[in-house]
Structures are given as structure tokens and as C-alpha cells.
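Encoded as C-alpha cells, the structure appears first; notes follow it.
Heavy atoms only: backbone and side chains are in, while hydrogens, waters and symmetry mates are out. Residues take their numbers from the sequence shown, with the count starting at 1. As the structure is a prediction and not an experimental result, all values here were calculated from the model.
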Amino acid sequence: MRERFLPVVDSGRKCLGYGIMNEHNKFNPFIFIKEGKDHKILKLH
């Protein structure tokens, strides 16, 4: 098992949630953020 730390969200961004996506049978964590008027998903490697 591999541990990962959740990232600190920079000022100007708002964390809307964290999750895990399955890509090609490999699980990858991500963070869903709001930056200004934009919504983004950032993969955590």
C-alpha cells in the first residue's frame, strides 16, 4: 500500500472535493477545485 498526503490548496483556489479515478485498472487520486470562475480536476501523482 502507498500513502499520499493531500495537497495544500493555494490561495485563490477553493477545494471542492477529493476522489479516486480508475484509469486502465490503476487508481489515481485527484482534487476537484474552483479557481476564479473555472472548475478543474488536478491529478495527484
Side-chain angles (χ1 to χ4, degrees):
M1 179 161 47
R2 189 171 162 185
E3 291 184 27
R4 297 177 192 220
F5 291 97
L6 297 175
V8 176
V9 179
D10 300 330
S11 61
R13 290 179 170 178
K14 180 179 179 181
C15 175
L16 300 176
Y18 295 93
I20 298 174
M21 65 179 88
N22 183 351
E23 295 178 311
H24 310 290
N25 293 322
K26 186 174 183 180
F27 293 97
N28 296 307
F30 68 88
I31 180 174
F32 183 50
I33 62 168
K34 182 174 182 184
E35 187 173 33
K37 295 180 181 180
D38 298 326
H39 292 84
K40 299 179 181 180
I41 293 177
L42 302 175
K43 291 183 185 179
L44 307 175
H45 297 284

Item checked: Steps toward side-chain contact (heavy atoms from CB on, under 4.5 Å) verdict (Ile41, Met21) -> CA-CA 11 Å; Ile41 293 177; Met21 65 179 88; 4.1 Å; yes
Item checked: side-chain contact (heavy atoms from CB on, under 4.5 Å) between Arg13 and Val8, intermediate numbers included -> CA-CA 10 Å; Arg13 290 179 170 178; Val8 176; over 6 Å; no
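- The distance from atom CG of Asp10 to atom CD of Glu35, rounded to the nearest 0.5 Å, is 8.0 Å.
- Rounding to the nearest 0.5 Å places NZ of Lys34 at 7.0 Å from NZ of Lys14.
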Item checked: Worked check of side-chain contact (heavy atoms from CB on, under 4.5 Å) between Lys43 and Glu23 -> CA-CA 12 Å; Lys43 291 183 185 179; Glu23 295 178 311; 3.2 Å; yes
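- The two residues Val9 and Cys15 make their nearest non-hydrogen contact at CG2-CB, 3.7 Å.
- To the nearest 0.5 Å, atom OH of residue Tyr18 and atom CG of residue Leu44 are 8.0 Å apart.
- With values rounded to the nearest 0.5 angstrom, Phe32 atom CZ is found 5.5 Å from Leu16 atom CG.
- Nearest heavy atom pair, residue Phe30 against residue Ile20, reads CE2-N, 3.5 Å.
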